[in-house]
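Only one structure is covered here, and it is reproduced in the block below.
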Amino acid sequence: MASATPLRVLLPEAAAPARPPDPTVPSSLRTHRAVPPRRNHLRANLAAAPSPSPKARRTLAAAAVGGGRPTVLVTEKLGPAGLEMLREFANVDCSYELTAEELRAKVSLVDALVVRSATRVTREVFEAARGRLRVVGRAGVGIDNVDLQAATEAGCLVVNAPTANTVAAAEHAVALLAAMARNVAQADASLKAGKWQRSKFIGVSLVGKTLAVMGFGKVGSEVARRAKGLGMDIIAHDPYAPVDRARAIGVDLVSFDEAISTADFISLHMPLTPSTEKIFDDETFAKMKEGVRIVNVARGGVVDEDALLRALDNGTVAQAALDVFTEEPPPKDSKLVHHENVTVTPHLGASTTEAQEGVAVEIAEAVIGALRGDLAATAVNAPMVPNEVGSGIKRVKVVYSSARDPDDLDTRILRAMVIKGIIEPISSAFINIVNADYVAKQRGLQITEERIWLDGSPEVTSEWKGKG
Ligand SMILES: NC(=O)c1ccc[n+]([C@@H]2O[C@H](COP(=O)([O-])OP(=O)(O)OC[C@H]3O[C@@H](n4cnc5c(N)ncnc54)[C@H](O)[C@@H]3O)[C@@H](O)[C@H]2O)c1
Ligand SMILES: O=C(O)[C@H](O)COP(=O)(O)O
């Protein structure tokens with residue numbers, strides 16, 4: 001459907017006048033690339049992530065000039081506003097509940113793929129795309145269902161929508177916390193089954209109890225704020241969160257062991273990464289306070305579900321409220337799902353009308369921007385530093401040796417790439433050229449730069465040194 005202000009299909013190089021330089025950015029750090037004016041809600045961010053190659057951009061430009069439009073495959077339900085934006089710009093194929101085989105068959109016919117958490121974008125999918133797929137848009141935060149390594153190898157950009165569902169996820173965690181403590185789901189089922197069991201469903205109070213927030217990022221900190229309003233004492237564990245940000249909202253950052261051993265309630269908000277997979281196992285449940293209650297609105301895979309079942313059966317864990325599961329949907333006969341002390345929802349954390357609208361628009365902007373050849377603000381694939389290395393780094397020095405005049409050397413992209421490579425493997429934060437310095441500072445990562453002016457050709461070589 002055409003809008004009053006149609007999205008332009010021009011590429012940056014062919015675009016209208018450059019924006020005036022941002023007076024807050026020192027001239028030595030200003031980009032020299034023209035950025036086209038955008039519709040208000042399309043952010044004009046430059047990012048520190050791979051963008052389509054010049055060849056791909058030319059292909060898209062040629063297609064646009066010739067009246068051709070890119071094709072976008074959407075495999076899960078997306079809010080209408082985002083879909084409309086995509087339709088203004090591209091041919092959109094909404095095909096839901098595809099089998100893995102059907103997805104592989106379709107993917108070589110499209111330029112972009114938009115998914116939520118249920119579509120597994122595996123290496124086989126990238127191989128089946130045979131080089132045509134330029135962008136994968138994850139309409140949400142978690143990108144554990146996308147094989148980022150395979151995407152990068154295939155030259156495919158992966159973008160996500162990291163902010164629009166934060167509040168929805170935090171609200172759902174608080175809803176589960178309260179519902180679990182007061183047996184809302186169990187009592188509801190009992191009454192609907194014709195019973196009137198008042199003494200069976202006596203709950204526990206939240207006020208004055210200690211809540212440990214595990215992962216103090218966007219969702220975790222919103223949960224902390226809300227739980228404070230319920231009169232709970234909040235502690236948090238997050239190896240990468242800065243102490244002062246936690247302190248600013250009255251939260252103490254503590255060690256993993258202190259968090260799990262002193263909390264009455266534990267709420268999980270870390271990403272699923274190789275280092276958090278099954279981080280809650282028999283050993284960690286054994287360290288918890290007897291009768292602890294656990295909420296998981298993050299990812300099922302951070303919990304060893306068999307160990308959780310054992311902890312529920314032996315009383316270490318009194319109750320659990322789970323929105324996410326290692327396998328989704330979980331098996332119909334899952335003992336965890338059917339456990340009387342477990343409250344479950346089918347991955348509803350991001351499922352509010354408002355969040356879905358926001359996420360759809362956020363991902364449509366990102367995908368359209370990427371197809372237009374812009375550097376994507378929410379790109380999630382870039383060269384990474386292994387997390388065993390990255391998590392220990394506190395200071396990095398980047399040395400640029402170049403024959404270019406220092407004033408003519410724009411180091412922002414490389415600096416942002418270094419920050420992205422260190423921070424992203426240990427968080428689900430997205431780093432781009434706009435936020436890189438800010439996020440690095442927030443996380444206590446100090447970047448210093450040295451420029452060595454060489455005689456001779458203006459080829460840039462650089463080296464960087466990390467310090468743990
Ligand atoms: N259920 C849902 O529908 C839903 C909705 C939104 C987000 N999520 C999930 O919630 C999680 C948090 O999302 P977010 O937007 O707050 O991400 P975020 O990146 O803002 O926060 C994650 C935090 O976890 C921290 N972290 C990393 N490793 C850790 C570890 N070993 N121990 C403790 N903390 C660790 C990071 O430093 C970061 O601060 C993600 O897994 C995301 O996929 C689920
Ligand atoms: O990571 C996320 O954004 C949430 O888990 C939401 O997933 P969904 O888009 O499948 O609801």
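Note that ligands are numbered from 1 as they come in the structure, with each ligand's atoms numbered from 1 the same way. These numbers come from the heavy atoms of this one structure, side chains and all, not from hydrogens, waters or symmetry mates.
When G140, A355, A298 are ranked by how near their heavy atoms come to atom 9 (C) of ligand 1, first place goes to A298. Considering each of P271, G301, S351, the one bringing a non-hydrogen atom nearest atom 26 (N) of ligand 1 is P271. Distances from atom 6 (C) of ligand 1 to the heavy atoms of D238, L176, N165, I143 show the closest one on N165.
Between the side chains of E124 and T122, at least one donor N or O sits under 3.5 Å from an acceptor N or O. With hydrogens and angles left out, the side-chain atoms of R120 and N145 include no donor and acceptor closer than 3.5 Å. No side-chain donor from either of T210 and T262 sits under 3.5 Å from a side-chain acceptor of the other. A donor-acceptor contact under 3.5 angstrom links the side chains of D93 and S95, judged on distance only. For the residue pair D333 and H338, no side-chain donor N or O sits within less than 3.5 Å of a side-chain acceptor on the partner. A donor-acceptor contact closer than 3.5 angstrom links the side chains of N183 and Q319.
Ligand-side atoms of ligand 1 in range of Y240: 27 (C), 28 (N), 37 (O), range being under 4.0 angstrom from any heavy atom. Heavy-atom proximity to G142, at under 4.0 Å, picks out these atoms of ligand 1: 43 (O). Proximity to F216 (heavy-atom distance under 4.0 Å) selects the following atoms of ligand 1: 39 (O). Atoms of ligand 1 found under 4.0 Å from any heavy atom of A169 (numbered from 1 in listed order, with element): 5 (C), 6 (C).
A salt bridge does not link E449 with K397: none of the charged nitrogens is closer than 4.0 Å to a carboxylate oxygen. The pair E222-R225 meets the salt-bridge criterion, with a side-chain N (NZ, NE, NH1 or NH2) lying under 4.0 Å from an Asp/Glu carboxylate O. With salt bridges taken as basic N to acidic carboxylate O contacts below 4.0 Å, one links K287 and D257.
Polar contact check, A350 against ligand 1: a nitrogen or oxygen pair lies under 3.5 Å apart. Taking any N or O of M270, backbone or side chain, at least one lies under 3.5 Å from an N or O belonging to ligand 1. Between V297 and ligand 1, an N or O atom pair is found at a separation short of 3.5 Å. For the pair G220 and ligand 1, the shortest N or O to N or O distance does not fall below 3.5 Å.
The distance from the CG atom of L73 to the CG atom of L133 is 9.0 Å, given to the nearest 0.5 Å.
Every protein residue with a heavy atom nearer than 4.0 Å to ligand 2 is included here: R116, S117, R138, A139, G140, V141, G142, N165, R299, H347, A350.
With sequence neighbours left out, F280 forms a ring pair (Phe, Tyr, Trp, His ring centres under 6.0 Å) with F256.
Neither the backbone nor the side chain of F256 comes within 4.0 Å of ligand 1, counting heavy atoms alone. Contacts of D323 with ligand 1, taken as heavy-atom pairs under 4.0 Å, involve the side chain alone. When non-hydrogen atoms are compared, ligand 1 lies under 4.0 Å from the side chain of H347 (C-beta onward) but not from its backbone. At a heavy-atom cutoff of 4.0 Å, ligand 1 is contacted by both the backbone and the side chain of K218.
Taking a 6.0 Å sphere around CZ of R130, one finds it holds 12 or fewer heavy atoms contributed by other residues, nucleotides or ligands.
Checked options R116, R299, H172; the residue passing with H347 is R299 (criterion: side-chain contact (heavy atoms from CB on, under 4.5 Å)).
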